[in-house]
Amino acid sequence: MTALYDEFGWKDVIPEELLQMNMKDNEIYGLPINIHRNNVIWYNKKLFDENGLQAPTTYDEFFAAADVLKAKGITPLALGDKNPRWSTLVLETVLLNQLGADGISELWTGNADFDTPEIREALSTYQKMLTYTNDNHSALDWQDAAELIVSGDAAMMIMGDWASGFFASKNMEPNVDYGWISTPSGEKIFNVVNDSMGMPKDFTDKEAAKKLIEYFGSVEGQKTFNKLKGSIPARTDVDVSDYSVYSQSAAQDFKESRIVLSLAGGSATPAAFINKFDEAVNMFTYQQDADALIATLNQARSILTGN
C-alpha cells in the first residue's frame with residue numbers, strides 16, 4: 001500500500017507508530033482504520049461521589065480508595081478473567097507505570113530481561129490489586145465485570161475503551177453515572193489497540209479494491225466508521241466534535257500522548273508470545289509464583305527475538 005499512502009497523503013496524518021506496525025521491509029501493508037485504548041480505569045461515579053473519592057492518579061491513591069470502598073462492602077475492582085486476556089490487560093497497565101513507554105517497548109521486542117526489580121515490583125502491585133477484586137472473577141468475562149459497575153456492586157474496572165459503548169448500551173450517562181481516567185503512569189501514555197485492513201493479494205477488480213481502501217483512509221470514511229463503532233479515527237485530522245464525550249477526550253489524548261502498542265490488544269508482539277503470556281499470567285493469578293512467571297516469560301523471549 002505504500003504507493004496509496006503517497007498518493008493520498010496518509011503518511012502526514014497517521015502517526016509514525018501506527019505506520020511502523022503496518023510495515024515490513026520498508027513497505028506498508030496495512031491501513032489503520034480505528035483506534036481503541038487499553039489503559040483506562042472506568043469507575044461508577046455515583047459510588048465515588050457518595051464516598052467522597054476522586055479518580056486515582058497513582059497506585060497509592062488507587063489502594064487508598066480501594067480500602068474505603070472495601071470497608072463499605074463494595075468490590076473495589078471488578079475483574080472478569082474467564083478469558084485470561086483481561087488479567088493480562090490489567091498487568092500490562094501496571095507494567096506501563098513501572099517501565100514507561102520506552103521500557104515496555106523494549107520488553108515486547110525481546111531485548112529486555114523479565115527478571116528485574118521493576119518487573120517484580122509491578123507483579124507485587126498486581127498481586128495487591130487482586131485482593132480487591134470480586135471472588136468469582138474466574139467465572140466472568142469482561143462484560144460480566146462491567147455489569148458490576150452498572151449495578152453498583154463494584155466501583156472500578158480496568159478495560160479497553162470499548163467499555164464506553166457497553167455503558168452507553170446500559171443507558172449510563174458519561175460524567176454522571178460513570179467516569180474514566182487513564183491508569184496511573186509517570187508519563188502520558190496511550191496504550192493503543194489498532195485494527196488495520198490490507199489489500200487483497202488476488203482480486204479481479206483492482207479499481208474497486210482501491211476505491212474501498214481510499215474511502216476507509218479518507219476523512220469521511222474514518223469519521224463515519226469510528227463514530228458508529230465507538231472508536232476514534234487513526235487519522236489525526238478528523239473533526240470529532242460530534243462524537244461522544246469519551247471519544248472526544250480519547251482523540252485529544254491520542255494526539256498528546258506517547259503511543260505505545262498494546263500487548264493485550266494483540267498489536268505489540270506475535271500471537272505466539274501473547275498466548276504464552278496469557279497462560280503464564282493466568283497461572284500467576286492463582287498460584288502467585290513470581291519466579292515461575294518470570295522464568296516462563298524469559299523462555300518465551302525466543303519467540304520475540306527469533307532465536
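We're numbering straight along the sequence, starting at 1. Every heavy atom of this structure was used, including side-chain atoms; hydrogens, water molecules and symmetry mates were not.
- Put simply, CG on Asn175 and NZ on Lys45 are 7.0 Å apart, with the number rounded to the nearest 0.5 Å.
- Using a 4.5 Å heavy-atom cutoff, the side chains of Pro56 and Phe48 are in contact.
- The closest side-chain donor-acceptor pair between Tyr126 and Thr285 falls under 3.5 angstrom.
- Using a 4.5 Å heavy-atom threshold, the side chains of Met129 and Leu79 count as separate.
- Between atom CD1 of residue Ile259 and atom CG of residue Asp253 there is a gap of 11.0 Å, rounded to the nearest 0.5 Å.
- To the nearest 0.5 angstrom, Ile213 atom CD1 is 12.5 Å from Ser218 atom OG.
- Following chains of ILVMFWY side-chain contacts shorter than 4.5 Å, one cannot reach Phe190 starting from Leu99, and the two form parts of different hydrophobic clusters.
- Of the listed residues (Gln248, Glu256, Lys255), just one forms a side chain to side chain donor-acceptor pair (under 3.5 Å) with Gln252, and that residue is Glu256.
- Within the 4.5 Å cutoff, side-chain heavy atoms of Ile119 are placed close to those of Leu95.
- Within the 3.5 Å criterion, the main-chain N or O of Asp239 finds a donor-acceptor partner in the side chain of Lys223.
- For the pair Ile35/Leu18, a side-chain contact is recorded, criterion being any heavy-atom separation below 4.5 Å from C-beta on.
- Note on Lys82 versus Asp141: no salt bridge recorded, every NZ/NE/NH1/NH2 to OD/OE distance being 4.0 Å or above.
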Output, in order, the C-alpha distance, side-chain angles, deciding distance and verdict of side chain to side chain donor-acceptor pair (under 3.5 Å) for Glu61 and Gln54. CA-CA 9 Å; Glu61 292 177 2; Gln54 299 293 320; over 6 Å; no

Passes side chain to side chain contact (heavy atoms under 4.5 Å, CB included), Leu140 versus Asn134? Steps please. CA-CA 10 Å; Leu140 306 182; Asn134 42 297; 3.5 Å; yes

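- In this structure, Met197 places its CE atom where more than 12 heavy-atom neighbours from other residues, nucleotides or ligands lie under 6.0 Å away.
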Begin from the C-alpha positions of Tyr5 and Ile14 and carry the test side chain to side chain contact (heavy atoms under 4.5 Å, CB included) through to its verdict. CA-CA 10 Å; Tyr5 272 79; Ile14 294 176; 4.1 Å; yes

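- How far CG of Asn38 is from CE of Met159: 8.0 Å, rounded to the nearest 0.5 Å.
- Side-chain atoms of Asn298 and Asp113 form a donor-acceptor pair, as typed in the model, at a separation below 3.5 Å.
- Checking Asp60 against Thr58 by side-chain atom types alone, no donor-acceptor pair falls below 3.5 Å.
- Ring geometry for Tyr178 versus Phe167: interplanar angle of 30 to 60°, hence tilted.
- Grouping the Ile, Leu, Val, Met, Phe, Trp and Tyr side chains by contacts below 4.5 angstrom, directly or via other members, places Trp86 with Ile41.
- Judged by a 6.0 Å distance limit and a 45° cone about the ring axis, Lys24 is not positioned over the six-membered ring of Tyr29.
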What do the steps show when you test Asp278 against Asn282 for side chain to side chain contact (heavy atoms under 4.5 Å, CB included), and what is the final call? CA-CA 6 Å; Asp278 285 345; Asn282 186 52; over 6 Å; no

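- Side-chain atoms of Gln20 and Glu16 form a donor-acceptor pair, as typed in the model, at a separation below 3.5 Å.
- Taking CG of Leu4 as the reference point, atom CG of Leu31 lies at 9.0 Å (rounded to 0.5 Å).
- Donor-acceptor pairing under 3.5 Å is lacking for the side chains of Asn39 and Ser182.
- The backbone N or O of Arg85 lies less than 3.5 Å from a partner atom in the side chain of Asn83, making a donor-acceptor pair.
- Residues Asp177 and Lys46 form a side-chain contact, since some pair of their non-hydrogen atoms from C-beta on lies under 4.5 Å apart.
- By the neighbour-count criterion of 12 heavy atoms within 6.0 Å, atom NZ of Lys229 is densely surrounded, having more than that number from other residues, nucleotides or ligands.
- Inter-residue side-chain proximity for Asn22 and Asn194 is flagged as met; some heavy-atom pair is nearer than 4.5 Å.
- Between Phe63 and Tyr59, the ring-plane angle classifies as tilted under the 30° and 60° cut-offs.
- At a threshold of 4.5 Å between side-chain heavy atoms, the hydrophobic network of Ile, Leu, Val, Met, Phe, Trp and Tyr places Trp142 and Leu148 in two separate groups.
- Here the side chains of Leu69 and Tyr132 are not in contact, with every heavy-atom distance at 4.5 Å or above.
- Annotation: the span from Lys211 atom NZ to Glu207 atom CD amounts to 7.0 Å, rounded to 0.5 Å.
- Asn226 and Asn34 form no side-chain donor-acceptor contact under 3.5 Å, judged by distance and modelled atom types alone.
- At most 12 heavy atoms of other shown residues, nucleotides or ligands fall within 6.0 angstrom of atom CG in Asp135.
- Counting only heavy atoms from C-beta outward, the side chains of Phe114 and Leu123 never approach each other to under 4.5 Å.
- A donor-acceptor contact shorter than 3.5 Å is absent between the side chain of Tyr43 and the backbone of Met156.
- With sequence neighbours excluded, the residues satisfying side chain to side chain donor-acceptor pair (under 3.5 Å) with Asp291 are Arg120.
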Output, in order, the C-alpha distance, side-chain angles, deciding distance and verdict of side chain to side chain contact (heavy atoms under 4.5 Å, CB included) for Phe62 and Leu77. CA-CA 10 Å; Phe62 175 90; Leu77 182 64; 4.2 Å; yes

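- Panel note: side chain Asn44, backbone Ile149; a donor-acceptor pair is recorded below 3.5 Å.
- Between the side chain of Ser244 and the backbone N or O of Ser247 there is at least one donor-acceptor pair closer than 3.5 Å.
- Taken together through direct or relayed side-chain contacts under 4.5 Å among Ile, Leu, Val, Met, Phe, Trp and Tyr, Phe284 and Val94 form part of one hydrophobic cluster.
- Cluster annotation: Val245 and Phe254 are assigned to distinct hydrophobic clusters (Ile/Leu/Val/Met/Phe/Trp/Tyr, side-chain heavy-atom contacts under 4.5 Å, transitive).
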Would you sort out whether Arg258 and Glu17 count as a salt bridge (Lys or Arg N to Asp or Glu O under 4.0 Å), showing the intermediate values? CA-CA 9 Å; Arg258 292 285 304 276; Glu17 294 88 350; 5.7 Å; no

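- Note: Trp42 and Tyr246 have tilted aromatic rings, judged against thresholds of 30 and 60 degrees for the angle between ring planes.
- Side-chain N or O atoms of Thr2 include one that pairs as donor or acceptor with a backbone N or O of Ile28 at under 3.5 Å.
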